[in-house]
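Chain letters run A, B, ... following the sequence lines, proteins first, then strands; residues in each count from 1.
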Number of protein chains: 2
Amino acid sequence: MAKFYGIGTGPGDSSLLTIKAVETLQNLDILYTPEAKKGGESLALSIVGKYLPDKLEIKSRHFPMSFNDGEKIVAWNKVADEIVADVKEGKNVGFVTLGDPMIYSTYVYIMERLIGSIDVETIPGISSFSNIASNQNFPLVMDKEPLIIIPCTIDEEKIDYALENYSSIVLMKVYKNFKEIVSKLEKNDLIDYAILVSNSSQDGEVVYNDLRDINLEDKISYFSTILVNKEIKKTVKVG
Amino acid sequence: MAKFYGIGTGPGDSSLLTIKAVETLQNLDILYTPEAKKGGESLALSIVGKYLPDKLEIKSRHFPMSFNDGEKIVAWNKVADEIVADVKEGKNVGFVTLGDPMIYSTYVYIMERLIGSIDVETIPGISSFSNIASNQNFPLVMDKEPLIIIPCTIDEEKIDYALENYSSIVLMKVYKNFKEIVSKLEKNDLIDYAILVSNSSQDGEVVYNDLRDINLEDKISYFSTILVNKEIKKTVKVG
């Protein structure tokens, strides 16, 4: 029976696709890909490119990054309707999404609109923070500690609480308030337990094993993540 | 040059290995596998079994689950010494570990002992909570929310704080204090936003979309995880 597959592509390197993702891609009739800009390239599509079957129909769809919720909802509804129609016509339909589909992914808004109408299977992917941690041989969390993942776009007091109370912390989207974050890390004696990675597994990857080496006046990339682990001494990448 | 590879196998299903993990396995000379009981089967080994090259030498090593740190340290040191010797002899050596190597994995204690002596490359894997979330079409976290992952073996007040203050929560190892956890979820009006999965992707997988359906007097499996997401209405698995 025809089905819809939401496929996590992982963080950027095609070899971090799972076997299941590749096998699923090879049995698709139609693949929907999200593009942030109209006519722009889809990073998710470039990751899966080499594993796509010849006969595949690719349907690029624009997902507005707008702050206007109404505009987004119209776009999601339209794509969801198209997908339902395709699956009901007997096509196996896929949708690719960066990282893991269940962690900070717009995919969820499509998925929610499909469940109940058609069969939906979601295939997990390697999340960006897992990839960064492994690449740097940086243990995210051990034993009895909690792990907290924080988009730095949240309220400042929530960031403060986390830095004061947890040992294992992933700080995502640190680009906007980077200076403030570094000063918070210093205040909480976490600076020696932190690393920063920008554009992980992509062109222009930058790694700072010591956040003190960064010029705080420089702009840092939108795709920048800080990992903190107070329990484990920083290990130097040897690889 | 010969190298050591720490390879995340993902949660249990061989098809959730990454392409990179499979390619790495196929180029190994020696694979170390952890066994919890002497002579016991390694789950990590069974996951990678079908992808191993014919000429591979498998070295099963016992990792004591003891609370005696001294005993563990002796075991880790011994395995690390063996691995260093093998790599220095020019062998490509691997070590397989369940889930993701940087998230609650004993692998880290081996890795720490190797860095500085030999080249170490870690390959990320799908974590158990990512897999559970995708399998159940259950969004872990969206937008500006933090995601907190908590082993329920930590202090009770830390569990309480998380349940009172976060919307997106993964509760791992809920077997011991399961009754208390369910009552905490009820107290915080989270019970309608929670699912429980035991033995995910293994024989004997059990899923509860409604935690009220569970007999609180029954023992639940050691490998039980509760996912909570207060922001997103529970979606029913249709797959």
Colleague: Non-hydrogen atoms of chain B under 4.5 Å away: do they reach the side chain of A/S127, the backbone, both or neither?
Modeller: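 Contact with chain B: none, neither part.
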
Colleague: Identify the heavy atoms of B/T122 and A/S134 that sit nearest to each other, and give their distance.
Modeller: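 In terms of heavy atoms, the two residues are closest at CG2-OG, 3.4 Å.
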
Colleague: Taking B/D155, B/N165, B/I154 one by one, which has the highest count of heavy-atom pairs under 4.5 Å against chain A?
Modeller: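 Maximum pair count with chain A is reached by B/I154.
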
Colleague: Checking B/F4 against chain A: side chain, backbone, both or neither under 4.5 Å from a heavy atom?
Modeller: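 Contact with chain A: none, neither part.
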
Colleague: For chain A, which candidate among B/P11, B/G8, B/S15 shows the most heavy-atom pairs at distances under 4.5 Å?
Modeller: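 With the most close heavy-atom pairs to chain A, the winner is B/S15.
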
Colleague: Highest number of heavy-atom pairs under 4.5 Å with chain A: which of B/I123, B/D13, B/L17, B/V170?
Modeller: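 Top option by heavy-atom pairs under 4.5 Å: B/L17.
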
Colleague: Checking heavy atoms, do the side chain of B/V22, its backbone, both or neither come under 4.5 Å from chain A?
Modeller: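 Side chain of B/V22 only, per the 4.5 Å heavy-atom cut-off to chain A.
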
Colleague: Looking at A/P124 and B/N131, what are the two nearest heavy atoms and their distance?
Modeller: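 Closest approach of A/P124 to B/N131, heavy atoms only: CG-OD1, 3.9 Å.
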
Colleague: Which of the residues A/P151, A/S14, A/P101 is involved in the greatest number of heavy-atom pairs with chain B at under 4.5 angstrom?
Modeller: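 Between A/P151, A/S14, A/P101, the count favours A/P151.
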
Colleague: For B/G125 and A/I126, work out which heavy atoms get closest and say how close.
Modeller: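 Heavy atoms only, the tightest pair is C-CD1, 3.4 Å.
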
Colleague: Quick check against the 3.5 Å criterion: does A/Y104 have a side-chain atom that pairs as donor or acceptor with the backbone of B/E145?
Modeller: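 Yes, the answer is positive, given that a donor and an acceptor are paired below the 3.5 Å cut-off.
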
Colleague: What residue, out of A/V141, A/I103, A/I150, has the most heavy-atom pairs lying under 4.5 Å from chain B?
Modeller: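 Greatest number of close heavy-atom pairs with chain B: A/V141.
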
Colleague: Which region of A/D143, side chain (C-beta onward) or backbone (N, CA, C, O), has a non-hydrogen atom less than 4.5 Å from a non-hydrogen atom of chain B, or is it both or neither?
Modeller: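 For A/D143, heavy atoms of backbone and side chain both lie under 4.5 Å from chain B.
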
Colleague: Taking side chain as everything from C-beta outward and backbone as N, CA, C, O, which of these in B/Y51 sits under 4.5 Å from a heavy atom of chain A? Side chain, backbone, both or neither.
Modeller: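 Side chain only.
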
Colleague: Quick one: does A/N137's side chain have a donor or acceptor within less than 3.5 Å of a partner on B/V120's backbone?
Modeller: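 Side chain of A/N137 to backbone of B/V120, a donor-acceptor pair under 3.5 Å: yes, one is there.
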
Colleague: A/I148 vs B/Y166, test: side-chain contact (heavy atoms from CB on, under 4.5 Å). Steps then yes/no.
Modeller: CA-CA 10 Å; A/I148 186 159; B/Y166 299 112; 3.5 Å; yes

Colleague: For chain B, which candidate among A/S130, A/A21, A/A162, A/S168 shows the most heavy-atom pairs at distances under 4.5 Å?
Modeller: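 Result: the option with the highest number of such pairs is A/S130.
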
Colleague: What verdict does the side-chain contact (heavy atoms from CB on, under 4.5 Å) test give for B/M142 and A/Y109, after you've listed the backbone C-alpha separation in whole Å, the side-chain angles of each residue and the deciding distance to 0.1 Å?
Modeller: CA-CA 10 Å; B/M142 296 300 293; A/Y109 300 120; 3.4 Å; yes

Colleague: Select one option (side chain, backbone, both, neither) describing which atoms of B/S105 are under 4.5 Å from chain A's heavy atoms.
Modeller: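 Just the backbone, heavy atoms under 4.5 Å.
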
Colleague: Give the C-alpha distance, both sets of side-chain angles, the deciding distance and a yes or no for side-chain contact (heavy atoms from CB on, under 4.5 Å) between B/L16 and A/I19.
Modeller: CA-CA 6 Å; B/L16 291 178; A/I19 303 284; over 6 Å; no

